[in-house]
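When reading the values below, keep in mind they use all heavy atoms of this one structure, side chains included, and skip hydrogens, waters and symmetry mates. A note on names: the letters A, B, ... follow the listed sequences, proteins ahead of strands, and every chain is numbered from 1.
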Amino acid sequence: MAVMRVRQAISTALADEMRADSSVMIFGEDVAAAEGPFKTSEGLLTEFGPLRVRDTPISEMAFTGAAVGAAIMGMKPVVEIMFMEFLGVALDQLVTEAAKMRYLSNGTLSVPMVVRASSGAGVGFGSQHSQTLVNWVAATPGLKVVCPSDAQSAYSLIRAAIQDPDPVMVLEPRALYAERGEVDTGLKIEIGAARLLRRGSAITVVTLGQMVNICRSAIEASGIDAELIDLATIVPWDRQAVLESVKKTGRLVVVEEAPESGGWGSEIVATVTAQLFNQLKGAPFRITTPDVPVPFNGALEARFIPTAEDIARQLAHAIKTGENPKTWWSLEGLK
Amino acid sequence: MAVMRVRQAISTALADEMRADSSVMIFGEDVAAAEGPFKTSEGLLTEFGPLRVRDTPISEMAFTGAAVGAAIMGMKPVVEIMFMEFLGVALDQLVTEAAKMRYLSNGTLSVPMVVRASSGAGVGFGSQHSQTLVNWVAATPGLKVVCPSDAQSAYSLIRAAIQDPDPVMVLEPRALYAERGEVDTGLKIEIGAARLLRRGSAITVVTLGQMVNICRSAIEASGIDAELIDLATIVPWDRQAVLESVKKTGRLVVVEEAPESGGWGSEIVATVTAQLFNQLKGAPFRITTPDVPVPFNGALEARFIPTAEDIARQLAHAIKTGENPKTWWSLEGLK
Amino acid sequence: MNTSMQRRVDVQENEIARYERMVEIREVEEQVFELFAAGEVRGTTHLCQGQEALAVGLASILRPTDTVLATYRGHGIALALGLTPEVVLGEVMGKAIGCCGGVGGSMHMCDMSLGLLPTSTIVGAGIPIAAGTALAFQTQGVDNVGVSVFGDGTTNIGAFHEGLNLASIWKLPVVFICDNNVYGEYSRIEVTTPIEDLHMRAESYKMPHFALDGMDVEAVRKGVKEAVERARSGGGPTLIEAKTYRFAGHSRADQGLYRPEGELEEWRKRDPIKVTEDSLVARGVLTLENIASIKSDMKRIIQEVIATCNAAPEPALAAMFENIWTPPKALQA
Amino acid sequence: MNTSMQRRVDVQENEIARYERMVEIREVEEQVFELFAAGEVRGTTHLCQGQEALAVGLASILRPTDTVLATYRGHGIALALGLTPEVVLGEVMGKAIGCCGGVGGSMHMCDMSLGLLPTSTIVGAGIPIAAGTALAFQTQGVDNVGVSVFGDGTTNIGAFHEGLNLASIWKLPVVFICDNNVYGEYSRIEVTTPIEDLHMRAESYKMPHFALDGMDVEAVRKGVKEAVERARSGGGPTLIEAKTYRFAGHSRADQGLYRPEGELEEWRKRDPIKVTEDSLVARGVLTLENIASIKSDMKRIIQEVIATCNAAPEPALAAMFENIWTPPKALQA
Ligand SMILES: Cc1ncc(C[n+]2csc(CCOP(=O)(O)OP(=O)(O)O)c2C)c(N)n1
Ligand SMILES: Cc1ncc(C[n+]2csc(CCOP(=O)(O)OP(=O)(O)O)c2C)c(N)n1
Ligand SMILES: [Mg+2]
Ligand SMILES: [Mg+2]
């Protein structure tokens, strides 16, 4: 077990896959010579050479499309979209081409490509470089979507994504790149499998990405006996793990780094409600960001992302009253 | 009151706005000389001339971006994305630029543009030309999204969209273009206002677009006393109308032409559950399409879209048993 | 060798087979038009009458291990590459025997064994994908070639620009073929595009480029051969502009009323089938009688295929749930 | 006339003001670097040392009613157009006095009264938007001009191709300025781009184009004037390539270790501030003493501005909920 930063866990996972499988290649903007704008491809060009590790022109549509073609013809390309927002100039290739190719070939091909993108708020990059944008890739039959929350899951999910025979989108919480954690390179995390991080009986907290640590802090600080589930895979999410937990706790909160409108957590709430209605002790609810662009100012951005304090408040309220807690911005009369 | 096809209602709304406001202009692929691939801009070039009605090259990124710039500088451009999927090559301009410009100007500008796109299944265009894709534009603070369900709402919502000072996305159900309906050109439908189409006490049916008629058929055929709400606006959806209805009926079903995973209806279910938990007689649930690409074959496509029969079955089941009905595909062992 | 591979070998080896294939494409397209007109097929369709020489010329040069990214206007290229009229018409008619099992439709042709990747309906999408197949070949060190065929109007979309630039900077073994059939939907190319010779755009990428006569299958073969050989031998990409003309409307609904008077008639004088016929007859390879019987045979054959397709089963309901993805292990358990 | 408009008039009318503005931009950028290095500012920043002549030359030709779409590397253009160091540094520091109220940050400059639309952080996004502002002007029949300024690496993205094509076919009054500072992030332009003279890409759109010396403010003025006049008088768009050099790293974290040895030093010999100084001194417009005091004054002024910004209030929490949209009437009720 080594301790490494999340960005090193990613580099290591890429290197380990490239060693294990010569069809793995990576390309993207400044991923080769510069070893990645976030240093997530350290050492790769040196070890694997310029055929398999390539810098691209600034053209996400071209290189995402090139990944589709290369994947179909036997490679396992991993491309990097530097910031998730940039997929807005290339979405077509991932969701309209890659995700549908198996279907449109009558099952005669597969598209084992991985699209990695840094995502989320917290480091002062402003409204066009800080969103999570899961919604862009959700609702896409054929596409899997994962989101690590620490060095271990970054390592294991990247390896699982590369090994998967279908296109996989990896949303990497940018704010975590420098975080350290233990990594067991032998540990597998399957796509579609949630991680049960803390057992508890009072309420089930479902979350992912950088919200995992924040929820853990909230739980620890509040002393609430919450069960903490790191979803890890968003599509397809682990229904079994969530449903089993809520069967036990009778309560559910989904904590999302995504706007109240259009966030991914509604689906968890809706599914759990539909399936476990009579076993619920209180209304499942969501804790989200407000429906605003991500603000740059540090104090504002720190409130934008759900805070441990606010999560603790809402958990306590829900358990105590059985009622749906108010958002901080409605409490403060801000919207 | 005139009877017109939905496509004529759209042309008429565009013409009426262009007459009322000389800053309204339209452009897109083959919208001028050919009067629109779906004949939704009939007569406009002739009446308003080539400065205000323009054909574009095949370049959605360029012309959507041009709409952003023109809107900021005082025009009210309406652009046509022929099929919603094509926004996949231009999404950036709508959600990352247009929707955030007011914020990023400290409120000193607005972007009164409209993006119209045909959307949805039902006419045999296959998996890359038949999706609704609301998810691409949801979760975008700053952007409004509407979806007409008949000639009247097509007319009124297009006019409201053009008059709105912010970017508005109009998703036009392609399968309805040829449908006829009465249009009162004096009738306003405000953005954000749902349409209560049928009063009932047994269950609230929330839907939009082409599912509205299908739900109406299901309700009529089944004899269930359902309340039918045409959401009309997806962002921001009419919470008040939905909550009031469910307060009365105690039951909710959202019927969506969108995949089970990532569909917009989860948010309605989640919000209603969170707010009215103790007033619910049964679990709110969704009726969606299966998580599959839209199939071409007619028989398959007809099953892909929720049918009136299946909706009627699910309504009856929910009301009778208070339980969450199964999907047809799980009943038939297909997934 | 199965039928479709034999069909491929035929066009590679035999000029009469090439002529027959062009006649086949024409007949299939005419019949597809009739089927749609009669309301027997749903959805939409994009026909390629007038562009047969490009399809057949291309197929006659490529190896089955080369890849082709074509478009919604793909029946001709599919047939040329070797797909049988059954699987093409079967797909158009949404039958289980179709090349995509009936879930794709007219716009989605595919046969991986012949190098035809799924055709895309998004303008420009195939360009980077073709470059990607070439990237695989380059990285694997094999001498296969990727090809993207697209229209004149497509040279205005971002993916064209980005795809050609990427192919050039990486020197990928790919050939870009712009099938300039004068129109993009209902718009003449000059309404949307400030330059006339579209292949000149390759200058922006320091890429070799030229135009060829897309109505002459031999001219197509010569040009494609040059570009494919360059790609195969490590010389990088080429942009070819094939000057053709779309005899039919853009899609099902279009009657082509926007054409300048006489334009269609002028181009019909250089109908690629006629051009080939003239050459074959002039060189004594075929007689006029041969030609007449090839054409009448073809009509009969295609009618039989349509009858077969009509009688063929619809896809099972289960077909729509298949071939979407490999369920994650966690779900399989 | 308010301060910022006066600042605009100054650079339009007066060559000493232009020189001073270049010095101001340099000093602001150096101080922003220090602020980030000291950890006093969060996020990222993209500095423009070496590119001051382009910013000031451009601003000196345009009218405030013309529009400019610039990028994340936008402090220089913002200051040149007239924004004050307070509103620029205030925004970089996330203060309420910033031009975007502190919710934007370093990458988001804006002042509609001076024609500076919100700068975009998405490579290429400003190109179609600038064309769109020109579309508004053309449709309204006013003689304003739209301008998009972007980098060398940006000429490889789809929006560049589409935007220039659209502008050309509609003959829009827009000027595209490629600020070729040799690098896109950490990649030298030749690693990503097969041609050297990027302005040649305008040939694909039959658009006038030329290169100019971006280190010489007078050369910038001359070239921009030509293009702006063409646009204003109905002659359509132009692509200008300004040859410059980025003296700083790409962004906050970058030390520029990838530069070939001596390259930076070579370019520094043509430092735009030095080029202008030399000319002003040679022509006797300024003395060396004048220059020394302009520079030391500027250092002091910018330090004062930083002190002001440091003391300025943070935006209220409510600021993040404002300026998002006009709530629909149905919601207001
Ligand atoms: C991104 C995108 N925009 C628009 C369309 C609609 N569309 C389909 S075919 C076509 C015309 C293409 O013209 P061209 O490239 O000349 O090819 P042709 O149809 O003539 O073969 C258009 C605009 C599309 N499929 N994809
Ligand atoms: C669509 C998109 N892709 C990638 C990026 C990341 N990025 C920001 S600046 C930059 C380099 C741009 O280079 P150039 O056009 O030369 O402009 P410069 O930064 O030198 O001014 C890149 C790749 C982005 N902002 N947007
Ligand atoms: Mg064409
Ligand atoms: Mg640069």
Side-chain angles (χ1 to χ4, degrees), chain C residues 122-129 131 135 150-172 174 176 178 180 184-185 187-209 211 230 235-239 241, chain D residues 122-129 131 135 150-172 174 176 178 180 184-185 187-209 211 230 235-239 241:
Chain C
I122 305 296
V123 159
I127 294 174
I129 300 175
L135 172 63
F150 49 85
D152 43 292
T154 302
T155 64
N156 290 326
I157 204 153
F160 166 85
H161 177 67
E162 294 191 10
L164 267 69
N165 188 64
L166 189 74
S168 174
I169 203 80
W170 284 349
K171 241 186 162 189
L172 297 176
V174 55
F176 300 108
C178 174
N180 184 349
E185 295 213 338
S187 295
R188 262 184 86 84
I189 182 70
E190 73 260 23
V191 175
T192 58
T193 316
I195 62 168
E196 201 176 329
D197 287 312
L198 303 176
H199 64 95
M200 295 301 295
R201 289 188 158 172
E203 292 283 327
S204 282
Y205 322 105
K206 226 186 211 167
M207 188 187 292
H209 57 91
R230 173 159 42 239
T238 303
L239 174 61
E241 179 184 356
Chain D
I122 305 296
V123 159
I127 295 174
I129 299 175
L135 172 63
F150 50 86
D152 44 290
T154 302
T155 63
N156 291 326
I157 206 154
F160 167 85
H161 176 68
E162 295 191 11
L164 267 69
N165 188 65
L166 189 73
S168 174
I169 203 80
W170 284 349
K171 239 184 163 191
L172 297 177
V174 55
F176 300 107
C178 174
N180 183 349
E185 296 214 338
S187 296
R188 264 184 84 83
I189 181 70
E190 73 261 23
V191 175
T192 57
T193 316
I195 62 167
E196 202 176 328
D197 288 313
L198 303 175
H199 64 94
M200 294 302 296
R201 288 188 160 172
E203 293 282 326
S204 283
Y205 321 105
K206 225 186 211 169
M207 188 187 292
H209 58 91
R230 172 159 43 241
T238 304
L239 174 62
E241 178 184 356

### Query
Are the side chain of H161(C) and the backbone of A159(D) linked by a donor-acceptor contact shorter than 3.5 Å?
no
### Query
Does anything in residues 164-172 of chain C get under 4.5 Å of chain D by heavy atoms, and if so which residues?
N165(C), S168(C), I169(C)
### Summary
Between the NZ atom in K206(C) and the CD atom in E196(D), the distance rounded to the nearest 0.5 Å is 7.5 Å
### From M200(D) atom CE to E203(C) atom CD, the distance as rounded to the nearest 0.5 Å
7.5 Å
### Task
List in chain and number order the residues that pass side chain to side chain donor-acceptor pair (under 3.5 Å) with D152(D), two or more places apart in sequence or in another chain; answer none if no residue qualifies.
none
### Task
Would you mind checking which part of E162(D) comes under 4.5 Å of any heavy atom in chain C, side chain (CB onward), backbone (N, CA, C, O), both or neither?
both
